[in-house]
Protein chains: 2
Amino acid sequence: MTEHNSCGHEAASNVEMRHSCIATVPIFNHLTAEEMNEIVKTTNSVSYAKGETIYHAGEPSIGLQIVHKGRLKIYRLSETGKEQLVRILGPGDFTGELSLFSESVNDAYAEALEPVEICAMNRETLQQFLLKYPAISLKMLTEFTSRLLKSEQQSASIAMETVETRIAMYLADQTEEQSTQLITLPMTRKDLASHLGTTPETVSRKLAEFEDAGWIEQERRRKIRVLDLDALLVA
Amino acid sequence: MTEHNSCGHEAASNVEMRHSCIATVPIFNHLTAEEMNEIVKTTNSVSYAKGETIYHAGEPSIGLQIVHKGRLKIYRLSETGKEQLVRILGPGDFTGELSLFSESVNDAYAEALEPVEICAMNRETLQQFLLKYPAISLKMLTEFTSRLLKSEQQSASIAMETVETRIAMYLADQTEEQSTQLITLPMTRKDLASHLGTTPETVSRKLAEFEDAGWIEQERRRKIRVLDLDALLVA
DNA sequence: TTAAAACCTTGACGCGCATCAAGATTCAAT
DNA sequence: ATTGAATCTTGATGCGCGTCAAGGTTTTAA
């Protein structure tokens with residue numbers, strides 16, 4: 001909840017940073033060097049300390065924000081103060097898009113999990129580039145369809161599966177994504193619980209059950225060795 | 001689960017139908033008559049009887065499908081056979097987009113709620129038009145951000161709110177959307193329950209409670225008169 | 001018009017999981 | 001390294017809501 005720290009003054013390194021940021025983002029990385037320079041000029045860079053709020057639900061959106069360094073979480077709050085973690089962003093990911101096409105206020109919160117550097121571009125500028133370089137739109141459409149798919153699966157999973165199944169499915173997903181048996185949870189149990197629509201206590205208990213059953217081994221806090229994926233998914 | 005009934009033979013009326021379909025769809029309706037004709041030529045029309053399955057999860061996607069007449073529902077099935085209604089489409093809405101950008105299989109089911117007429121366009125053709133007419137992409141991006149927003153709100157609501165709150169919020173949404181006190185539920189209690197992540201029994205009970213409290217009146221099956229919106233939302 | 005099928009309602013019951021609480025472990029900052 | 005704060009674990013308890021069941025109502029199709 002502290003103020004954000006704009007750092008748009010150290011000219012040279014700053015332009016360099018913004019360039020390397022744009023160059024690595026999937027929605028822009030097909031452009032020529034010249035086209036990219038044109039885009040880089042329209043961006044600003046901002047950095048945030050760990051724990052800082054990047055944006056609030058209810059305030060007008062700043063525009064498109066591309067993560068250059070660090071990780072941040074997007075979450076929602078219910079009226080009773082419960083939190084749901086929507087997604088975690090890392091370098092190359094972007095946010096702020098919802099208000100890009102429907103001039104509105106943020107509907108979620110963004111908070112830095114680590115020191116974060118961001119490139120920002122306003123709504124009008126992005127729309128201009130979308131019309132000028134149609135391929136960017138296609139890349140964004142691809143990104144959005146993938147997010148939509150994930151979000152709908154998430155919703156279906158919370159609506160239809162038990163907590164146990166959801167946790168097991170999460171472990172399976174992570175095993176596949178990280179393509180290793182020894183997975184590293186990308187977040188705390190509390191955040192994991194809020195992502196899966198349950199409580200930290202229940203996550204602890206279920207993981208303990210999985211361990212008792214011999215399906216996983218917990219090493220330190222964030223490390224889990226998956227021993228029997230099939231058994232997990234059947235349960 | 002019956003076969004679909006292709007009707008691509010009655011030339012004249014068919015082209016007419018497809019044209020009026022394309023002309024009324026938000027993602028295309030900004031085009032000139034000539035551009036529209038170009039698009040219409042690439043489409044096929046298909047019709048389905050009530051109850052027919054339009055597509056199955058697991059089978060490869062046919063491409064973009066635009067609803068011209070009638071209503072259909074998109075739903076998912078859990079591994080245990082539970083159903084979640086994702087959304088209901090009416091004239092002007094489209095589906096089949098998820099696989100458009102990620103050459104994959106359907107992840108949900110589509111079923112006709114009434115006799116339905118559809119205009120279909122394949123993946124390659126659409127991509128071609130998206131590059132040729134960038135404004136179409138912008139319209140699709142707008143549509144997708146709106147769907148993504150709804151889907152994330154849906155997921156948050158199921159994860160964080162009680163069934164009672166969800167039902168109350170649904171009634172409030174419908175009151176606003178239909179801008180009347182006497183709302184018409186667009187689906188059966190069973191489908192409503194599956195949409196809200198609960199059971200028909202619980203929906204019945206909660207609506208009865210709301211009625212006892214004097215907040216709503218139920219008239220016939222699909223009609224509900226909302227008497228006290230504020231009370232509903234506080235509860 | 002009529003009969004069957006689908007849908008809705010209400011009751012009784014039980015379980016999954018949230019909640020509250022208290023102690024143990026780990027992390028972070030000085 | 002040390003201490004306080006945050007996180008995690010484990011237990012006890014209670015209730016929201018899913019499930020099963022049975023009867024009533026509406027819709028559908030012939």
Side-chain angles (χ1 to χ4, degrees), chain A residues 1-2 49-52 73 78 80-85 111-115 157-168 184-212 216-224 235, chain B residues 1-2 49-52 73 78 80-85 111-115 157-168 184-212 216-224 235:
Chain A
M1 292 266 199
T2 57
K50 174 175 175 175
E52 267 190 296
K73 67 173 176 182
S78 75
T80 61
K82 268 186 159 181
E83 170 180 329
Q84 189 195 27
L85 189 148
E111 181 187 318
L113 292 172
E114 308 162 2
S157 152
I158 296 180
M160 303 190 297
E161 312 290 355
T162 64
V163 169
E164 184 161 306
T165 306
R166 277 177 264 158
I167 297 175
T184 304
L185 297 180
M187 56 184 115
T188 64
R189 295 234 186 313
K190 198 179 128 203
D191 282 342
L192 180 56
S194 113
H195 183 57
L196 297 177
T198 180
T199 61
E201 292 94 325
T202 299
V203 172
S204 270
R205 275 188 260 268
K206 291 301 176 188
L207 288 179
E209 282 176 29
F210 292 165
E211 194 162 23
D212 286 349
I216 66 169
E217 264 175 27
Q218 303 189 59
E219 327 192 344
R220 284 180 284 167
R221 280 214 164 149
R222 298 277 192 98
K223 296 281 186 187
I224 291 181
Chain B
M1 295 263 199
T2 57
K50 174 177 177 175
E52 267 190 296
K73 67 173 176 183
S78 76
T80 60
K82 267 185 160 182
E83 170 180 331
Q84 189 197 26
L85 189 148
E111 181 186 317
L113 292 172
E114 310 161 359
S157 151
I158 295 179
M160 303 190 296
E161 313 290 356
T162 64
V163 169
E164 185 162 304
T165 306
R166 276 178 264 156
I167 297 175
T184 305
L185 297 179
M187 55 184 116
T188 65
R189 295 234 186 315
K190 195 178 130 204
D191 282 341
L192 179 57
S194 117
H195 183 56
L196 297 176
T198 181
T199 61
E201 292 94 328
T202 298
V203 172
S204 270
R205 275 188 261 268
K206 292 300 175 189
L207 289 179
E209 281 176 31
F210 292 164
E211 193 162 24
D212 285 349
I216 65 168
E217 265 175 26
Q218 303 189 59
E219 327 193 343
R220 284 180 283 167
R221 280 214 164 149
R222 297 278 191 98
K223 296 281 186 188
I224 291 181

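Quick note on labels: first sequence line is chain A, next is B, and so on, each numbered from 1.
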Margin query: What is the distance, to the nearest angstrom, from the CD atom on A:E201 to the C1' atom on C:dT19?
Written below: 7 Å
Next item on the list: Decide yes or no on side-chain contact (heavy atoms from CB on, under 4.5 Å) for A:T198 and A:V203, but give the supporting numbers first.
Entry: CA-CA 7 Å; A:T198 180; A:V203 172; 3.9 Å; yes
Next item on the list: Report yes if the side chains of B:Q84 and B:I158 come closer than 4.5 Å at any heavy-atom pair, otherwise no.
Entry: yes
Item checked: Side chains of B:R189 and B:L207 in contact at under 4.5 Å (non-hydrogen atoms) -> yes
Checklist line | With sequence neighbours excluded, residues passing salt bridge (charged side-chain N to carboxylate O under 4.0 Å, His left out) with B:E114 | finding: B:R71
Item checked: A:K206/A:E164 under salt bridge (charged side-chain N to carboxylate O under 4.0 Å, His left out): CA gap, chis, key distance, verdict -> CA-CA 6 Å; A:K206 291 301 176 188; A:E164 184 161 306; 3.2 Å; yes
Shorter than 3.5 Å, N or O on both sides, protein versus nucleotides 15-18 of chain C: list them out with atom names.
from   : atom 1 : to     : atom 2 : distance (Å)
C:dC17 : OP1    : A:V163 : N      : 3.0
C:dA18 : OP1    : A:T198 : OG1    : 3.3
C:dA18 : OP2    : A:T198 : OG1    : 2.8
C:dA18 : OP2    : A:T199 : OG1    : 3.3
C:dA18 : OP2    : A:T202 : OG1    : 2.7

Note to self: When you compare the side chain of B:F210 with that of B:I224, does any pair of heavy atoms fall below 4.5 Å?
What the structure shows: no
Item checked: Side chain A:E211, main chain A:Q218, donor-acceptor under 3.5 Å -> yes
Margin query: Taking the axis from the first five pairs and the axis from the last five, what angle separates them in the helix from C:dT1-D:dA30 to C:dT30-D:dA1, rounded to 10 degrees?
Written below: 70°
Note to self: Quick check for you: name the first and last nucleotides of DNA chain D, 5' to 3', having an atom under 4.0 Å from a heavy atom of chain A.
What the structure shows: D:dT7 to D:dA12
Margin query: Just the rounded figure in Å: distance from C1' of C:dT9 to CG of B:D212.
Written below: 13 Å
Check: Just wondering, do B:R222 and B:T188 contact through their side chains at under 4.5 Å, heavy atoms?
Finding: yes
Note to self: Any heavy-atom pair between the side chains of B:I167 and B:E209 that's under 4.5 Å?
What the structure shows: no
Next item on the list: Please report, rounded to the nearest Å, how far the P atom of C:dA6 is from the CD atom of B:E83.
Entry: 14 Å
Notebook entry, point to check: Shortest non-hydrogen contact from A:A49 to A:A112?
Noted result: O-CB, 3.4 Å
Check: Could you give the CG-to-P distance, from B:L192 to C:dT9, as a whole number of Å?
Finding: 11 Å
Check: How is A:E211 classified with respect to the nucleic acid when contacts are heavy atoms under 4.0 Å: base, sugar-phosphate, or nothing?
Finding: nothing
Checklist line | B:H195 NE2 to B:M187 CE distance, which is reported to the nearest 0.5 Å | finding: 5.0 Å
Check: How does each nucleotide of nucleotides 22-30 of chain C score, in 5' to 3' order, for protein heavy atoms under 4.0 Å: base (B), sugar-phosphate only (S), or none (-)?
Finding: ---BS-S--
Item checked: Residues in side-chain hydrogen bond (donor to acceptor under 3.5 Å, both in side chains) contact with B:E217, at least two apart in sequence or another chain -> none
Notebook entry, point to check: For A:S194 and A:E83, which heavy atoms make the closest approach, and how far apart are they?
Noted result: CB-O, 3.3 Å
